[in-house]
S.K.: 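Below you will find the structure I want to go over with you.
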Amino acid sequence: MMNGGPRYVSPAPNGGFVVSEECGDVKVFMSSRKLLCSLSSKYGHRFGNPAGVCVDVDGSILVADEQRRTVHLFPEHGAPVCLVSAGLRRPAGVACSSFGHLFVADAGENCVKVFNGLQENGKIKVTHSMLHS
């Protein structure tokens, strides 16, 4: 069951989908619409207020956390990785491209931030920001 109700949803490559919950968790569903897992249970991760979710070409799940002001990547195998931990005021939506770009809608700054490529420290660097009109 959902804690505070569904917020954001993203399709997954396997025909399933991912749903973030208000002040709760992120749930992964199979194509049969049955619950596969919750990310907090699978990874032992505590979310503040998960918002935007997306799934990259490798099947990893990316989650924007409004309260913690972060974006985490949850690979199918292995530990979660914090991709962005600075420079976000209220990350709401996320999307990723097959070219390695990460787009974060920052509602706190009224803009979309574009991130590109991992640095040696495992973080993503900002390449530029675009303001919404």
S.K.: Minimum heavy-atom separation for Ser85 and Thr70, please, with both atom names.
M.R.: CA-CG2, 4.2 Å
S.K.: Please tell me whether Phe115 and Val94 are part of a single hydrophobic cluster in this structure, the criterion being side-chain heavy atoms less than 4.5 Å apart.
M.R.: yes
S.K.: Looking only at heavy atoms, what is the nearest atom pair of Pro13 and Gly59, with distance?
M.R.: CG-CA, 4.3 Å
S.K.: Would you say Phe17 ends up clustered with Val63 if hydrophobic residues are merged whenever their side chains have heavy atoms under 4.5 Å apart, either directly or through other cluster members?
M.R.: no
S.K.: Would you compute the distance between atom SG of Cys82 and atom NE2 of His72 and round it to the nearest 0.5 angstrom?
M.R.: 4.0 Å
S.K.: I need the minimum non-hydrogen distance between Leu88 and Val104, along with the two atoms involved.
M.R.: CD2-CG1, 4.0 Å
S.K.: Working to the nearest 0.5 angstrom, can you tell me the gap between Asp25 CG and Ser40 OG?
M.R.: 3.0 Å
S.K.: Please round to the nearest 0.5 Å and tell me the distance separating atom NZ of Lys27 and atom SG of Cys37.
M.R.: 10.0 Å
S.K.: Verify the cluster assignment for Leu73 and Leu39: are they in a single hydrophobic cluster under the rule of side-chain heavy atoms below 4.5 Å apart?
M.R.: no
S.K.: What's the spacing between Tyr8 OH and Glu22 CD if we round to 0.5 Å?
M.R.: 9.0 Å
S.K.: Restricting to non-hydrogen atoms, name the atom on Leu35 and the atom on Val28 that form the minimum distance, rounded to 0.1 Å.
M.R.: CD1-O, 3.5 Å
S.K.: When you group the ILVMFWY residues by side-chain heavy-atom contacts below 4.5 Å and let the links chain together, are Ile61 and Leu102 in the same group?
M.R.: no
S.K.: Of all heavy-atom pairs between Ser20 and Ala51, which one has the smallest distance, and what is that distance?
M.R.: OG-O, 2.6 Å
S.K.: Working to the nearest 0.5 angstrom, can you tell me the gap between Ser10 OG and Asp56 CG?
M.R.: 10.0 Å
S.K.: Determine whether Tyr43 and Phe47 fall in the same hydrophobic cluster, where Ile, Leu, Val, Met, Phe, Trp and Tyr are linked whenever their side-chain heavy atoms lie under 4.5 Å apart.
M.R.: yes
S.K.: Assign the ring pair Phe74 / His45 to parallel, tilted or perpendicular, where the plane angle (0 to 90°) is split at 30° and 60°.
M.R.: perpendicular
S.K.: Output the distance between atom CZ (Arg90) and atom CG (Asn49), rounded to the nearest 0.5 Å.
M.R.: 9.5 Å
S.K.: Ignoring hydrogens and geometry, is there a side-chain-to-backbone donor-acceptor pair from Asp106 to Cys111 under 3.5 Å?
M.R.: no
S.K.: I'd like to know if the side chain of Asp65 reaches the main chain of Gly48, judged simply by a donor and an acceptor atom lying under 3.5 Å from each other, with no hydrogens or angles considered.
M.R.: yes
S.K.: Can you see which heavy atom on Ala107 is nearest to which on Ala92, and at what distance?
M.R.: CB-CB, 4.3 Å
S.K.: Under a 3.5 Å distance rule, please check whether Asp58 uses its side chain to pair with a backbone N or O of Ser60 as donor and acceptor.
M.R.: no
